[in-house]
Protein chains: 2
Amino acid sequence: MPPVARNSRTRILEAAEALAREVGPGNLSLDAVAQRAGLSKGGLLYNFPTKAKLMEALVEHHVTRSRKALLVSRDAHAGKPNALARALIDVFKIECAEKGPRPSGVLAAIAENPGFLEPVRRHQQQMAAELKALSDDPDLACIVFLAVEGLRSQRLFEIDLFSEAESERLMDRLARLVEEQRPAGPGVTAP
Amino acid sequence: MPPVARNSRTRILEAAEALAREVGPGNLSLDAVAQRAGLSKGGLLYNFPTKAKLMEALVEHHVTRSRKALLVSRDAHAGKPNALARALIDVFKIECAEKGPRPSGVLAAIAENPGFLEPVRRHQQQMAAELKALSDDPDLACIVFLAVEGLRSQRLFEIDLFSEAESERLMDRLARLVEEQRPAGPGVTAP
DNA sequence: CTTACTGTACCGGCTGGACGGTATTGTCAA
DNA sequence: TTGACAATACCGTCCAGCCGGTACAGTAAG
């Protein structure tokens, strides 16, 4: 059997991800990726004809992954108000619990050229639009989004400001904010 | 007069910052920085004996800058509850309005080695500690912090999800959340 | 002369990527 | 069934160019 372990592309993507973490996002070299993925540089360049394409794929991979998880979770909350905001919270909780490696592949892409963030931009734009459209209190929903994004960036940069327990507590608090859903009336405090 | 425009270090830092934005955070080369800063490579390496030192300085520069602004703003809010959280909001508003360039120097440092984020880590840890200590509702304060950090990361990655007006509105909403400051009474939680 | 700094020249090493080759699998007419 | 041809997936080598860093010579001020 030739050393084809069921999908070179995936193996390459994973190797790149792991390597970016090890050598630093800006020091990712094709040689190293090829070696790590268990194929030759020629083989790598067959799958991704240029480094830019690899980076692109790295970002796209990450976006589709997290988007899929998000949509599943949203559907689980279907019917409730602010389903998407709740899903945002849930998915982050799950990601945290998984202790899955931080997506430093994305950092590698940014290092090469911040323009590679375009898919992320699009995805977030879409989410923000839905968030605003389907919420009784769009601003609050956005704040939830931003807070989750804040925690996410902490994770991305490996700044562990909050313990896992704390993060979870904060997420719960966010969830409570969303559920209470006071219709943005100023001044009135106690329900 | 030799082309010493009053402080080579600063000129170098600014040149590096600007270049990182232009060529991508991971493609910052010493030659280019030197040229841009208007001196020779030898001169550059006299001021920063190694690229790592330059990156370090880039991060430190950024941290001290934003920290200074933050402390000033906090003192302006002195006395009020949650002074720091309010300061966080204000400073971000100001940064936004300034339209100052995004700190891609920091991205360059990360590209080289995420470990360079240590000063950022320390700074944020300190802020989080104060935030928790001096607030009647620490969790809410942390959420404010995270939301601001979320917007900040949007800016860092040049993902302009929210217009300036929207950002400001969201910040105001955050400020209102802080002011209302319901003392986190868990009494009414209805599970 | 010393201090503080700038400028030039250069080197070894690594990098992206082009290229030609090869083994395996697929397709299809005879 | 077979033989001809082509597509797929991959390998190994080579190279021009760039990068960080060193070495060293210069210069202006005190």
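- When rounded to the nearest whole Å, the span between CG of A/L30 and P of C/dG16 equals 4 Å.
- Computed from coordinates, the A/L54 CG to C/dG17 P distance equals 10 Å when rounded to whole Å.
- Per the geometry, CG belonging to B/D31 stands 15 Å off P belonging to C/dC10, to the nearest Å.
- B/L39 has its CG atom 14 Å from the C1' atom of C/dA4, to the nearest Å.
- If you check distances only, the side chain of B/K41 does reach the base of D/dG21 with a donor-acceptor pair under 3.5 Å.
- Remark: P of C/dC5 and CZ of B/R9 are 11 Å apart, rounded to the nearest angstrom.
- Ring planes of B/F157 and A/F157: tilted class, angle from 30 to 60°.
- Regarding contacts with the backbone of C/dA4, every side-chain N or O of B/N47 stays at 4.0 angstrom or more from both OP1 and OP2.
- The residue A/L44 sits apart from the nucleic acid: no heavy atom pair falls under 4.0 Å.
- Among the atoms of the strands shown, only primed sugar atoms or phosphate atoms (P, OP1, OP2) are found under 4.0 Å from some heavy atom of B/L28.
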Show your reasoning for whether salt bridge (Lys or Arg N to Asp or Glu O under 4.0 Å) applies to A/R176 and A/E179. CA-CA 5 Å; A/R176 231 181 320 140; A/E179 279 158 28; over 6 Å; no
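- Side-chain N/O atoms of B/T50 include one lying less than 4.0 angstrom from OP1 or OP2 on D/dG21.
- Put simply, CD on B/Q35 is 12 Å from P on C/dG7, counting in whole angstrom units.
- Side-chain N/O atoms of A/S8 include none lying less than 4.0 angstrom from OP1 or OP2 on D/dA9.
- Open room surrounds NZ on A/K68; 12 or fewer heavy atoms of other groups in view lie less than 6.0 Å from it.
- The side chain of B/Y46 places no N or O atom within less than 4.0 Å of a non-bridging phosphate oxygen (OP1 or OP2) of C/dT6.
- In this structure, the CZ atom of B/F48 is 15 Å from the C1' atom of C/dT6, given to the nearest Å.
- Counting any heavy atom pair closer than 4.0 Å across all strands shown, A/L45 reaches a base atom.
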For the pair A/R36 and A/D31, evaluate salt bridge (Lys or Arg N to Asp or Glu O under 4.0 Å) and give the outcome as yes or no after the intermediate values. CA-CA 9 Å; A/R36 179 67 166 253; A/D31 282 284; over 6 Å; no
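- In summary, A/K93 and A/D172 engage in a salt bridge, as defined by a charged side-chain N under 4.0 Å from a carboxylate O.
- Between the C1' atom of D/dG21 and the CD atom of B/E112 lies a distance of 13 Å, rounded to the nearest Å.
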